[in-house]
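Inspection log for the structure reproduced underneath, given as structure tokens.
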Amino acid sequence: MSSRAVTGQPAGESPNARSLFAPVAADLVAADAAIRAVANLDNALLSQTLRVILTSSGKRLRPALTLLTARLHETTLQRRVELAAAAELLHTASLIHDDVIDVSDARRGRPTINATFNNTLAVLTGDYLFGKSGELVAGLGSPPIMGVFSRAVMELVQGEMLRPSLNGDLSSTERDYLAKIKGKTASLFAMCCQTGAMLDADVHDPNVARLRDYGMNLGIAFQVVDDVLDYTASEAELGKPVGSDLRHGTVTLPAIYYLRRHPQDDRVRGLLAQDDNYLEAAGAAVEAIRCSEAIEQAIDRAREFALAAAVQLEGLPPGPVTDALYGLTRYVVDRTE
Ligand code: FPP
Ligand code: MG
């Protein structure tokens, strides 16, 4: 995919996540160590599953957002690292449970816990991480932050439960899709930015609400692009087979936009209705969507949300942290993996 300028910031080479995280590089090293240390426990089986999952090559985007927003005011390293680690552990717990729900056997290029062991151990590993994340947040001694964290969990669950379908018109399918990704992905981005901004800050700090909105819009843009990459990236980049969403009947924006132009494509409709008679045509159907205008249209939609995120940053003090937050609005749209 080509490099695109999304935010009204000067166009140029798209930033990569690692360079954007430079202002919090040392904090991220400490957060990573805290995350990995969670696997050090006496229970050998749990320790084994945790080690596998906590050392896999995640982007650490959520801890980075937490650390960046916490850097807009005075906090201690230990407190922001604990909050950042909690965000990543909650995210990891939700992915382990999601892999059980979706019966997925690969994530980030590695076999899932449910595939390697079984569903019981996967659910319990996720539960343990969920508990650990709650312990870390509770340790901060901030009931308002605990409240935001708990509401994010409730939003995650409700997003995960939504199943957009093709039963109504495509506009209502798009609305349902956006509601789903807001819940399952963007609510966690919003939580990271909001709680980072809240940590040890003045309760009336106006940045808290703006950064929550920033995180929500950034998260929606991120997930739309994730759903595009499911069609356009390689298996090596994805860490799972290309076109998994269509093959599993998951309705995402590229398929919705494709059907606007090609309403009679029975392969796509059949696969999204989970009609196994169309499984043989899945490769061709993925290719048809991949080569269609729907991909660019979905990217344009992601760009709108990235712009809405960037607008929320206008009142922030200039500096490397604000620059990084702007850079992330470009990164989420331009990324290729
Ligand atoms: C991935 O979606 C799923 C999520 C980002 C959220 C999953 C949320 C839950 C299971 C509920 C909350 C759970 C806990 C432990 C608090 P996807 O299947 O579309 O993407 P994928 O391709 O990465 O699997
Ligand atoms: Mg899944």
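Start at 1 and go down the list; that is how both ligands and their atoms are numbered. Heads up: numbering here begins at 1 and tracks the sequence.
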Can you confirm if the NZ or CZ of Arg335 lies within 45° of the ring axis of Phe222 and under 6.0 Å from the centre of its six-membered ring?
yes
Do Arg62 and Leu188 have side-chain heavy atoms sitting under 4.5 Å apart?
yes
Are Arg260 and Tyr257 in a cation-pi contact, defined as NZ or CZ under 6.0 Å from the six-membered ring centre and within 45° of the axis?
yes
Let me confirm one number: the OG1-CG distance from Thr195 to Leu83, rounded to the nearest 0.5 Å.
4.0 Å
Atom of Asp98 nearest the Mg ion (ligand 2) (restricted to N/O/S, atom name only):
OD2
Between Leu95 and Arg108, is any pair of side-chain heavy atoms under 4.5 Å apart?
yes
Please state whether the separation between the Mg ion (ligand 2) and some N/O/S atom of Asp99 is under 2.8 Å?
no
List ligand 1's nitrogen or oxygen atoms that come under 3.5 Å of a protein nitrogen or oxygen, with the partner atom and distance.
{"residue": "ligand 1", "atom": "2 (O)", "partner": "Lys184", "partner atom": "NZ", "Å": "3.1"}
{"residue": "ligand 1", "atom": "18 (O)", "partner": "Asp98", "partner atom": "OD1", "Å": "3.2"}
{"residue": "ligand 1", "atom": "18 (O)", "partner": "Asp98", "partner atom": "OD2", "Å": "2.9"}
{"residue": "ligand 1", "atom": "18 (O)", "partner": "Asp102", "partner atom": "OD2", "Å": "2.7"}
{"residue": "ligand 1", "atom": "19 (O)", "partner": "Lys184", "partner atom": "NZ", "Å": "2.4"}
{"residue": "ligand 1", "atom": "22 (O)", "partner": "Lys240", "partner atom": "NZ", "Å": "2.5"}
{"residue": "ligand 1", "atom": "23 (O)", "partner": "Arg107", "partner atom": "NH1", "Å": "2.9"}
{"residue": "ligand 1", "atom": "23 (O)", "partner": "Arg107", "partner atom": "NH2", "Å": "3.3"}
{"residue": "ligand 1", "atom": "24 (O)", "partner": "Asp98", "partner atom": "OD2", "Å": "2.8"}
{"residue": "ligand 1", "atom": "24 (O)", "partner": "Arg107", "partner atom": "NH2", "Å": "2.8"}

Within a strict 4.5 Å, meaning less than it, do heavy atoms of the Tyr177 and Val224 side chains meet?
yes
Evaluate the side-chain proximity of Met198 to Pro144: yes if any heavy-atom separation is below 4.5 Å, no if none is.
yes
Atom name, Asp102 (N, O or S, nearest to the Mg ion (ligand 2))
OD2
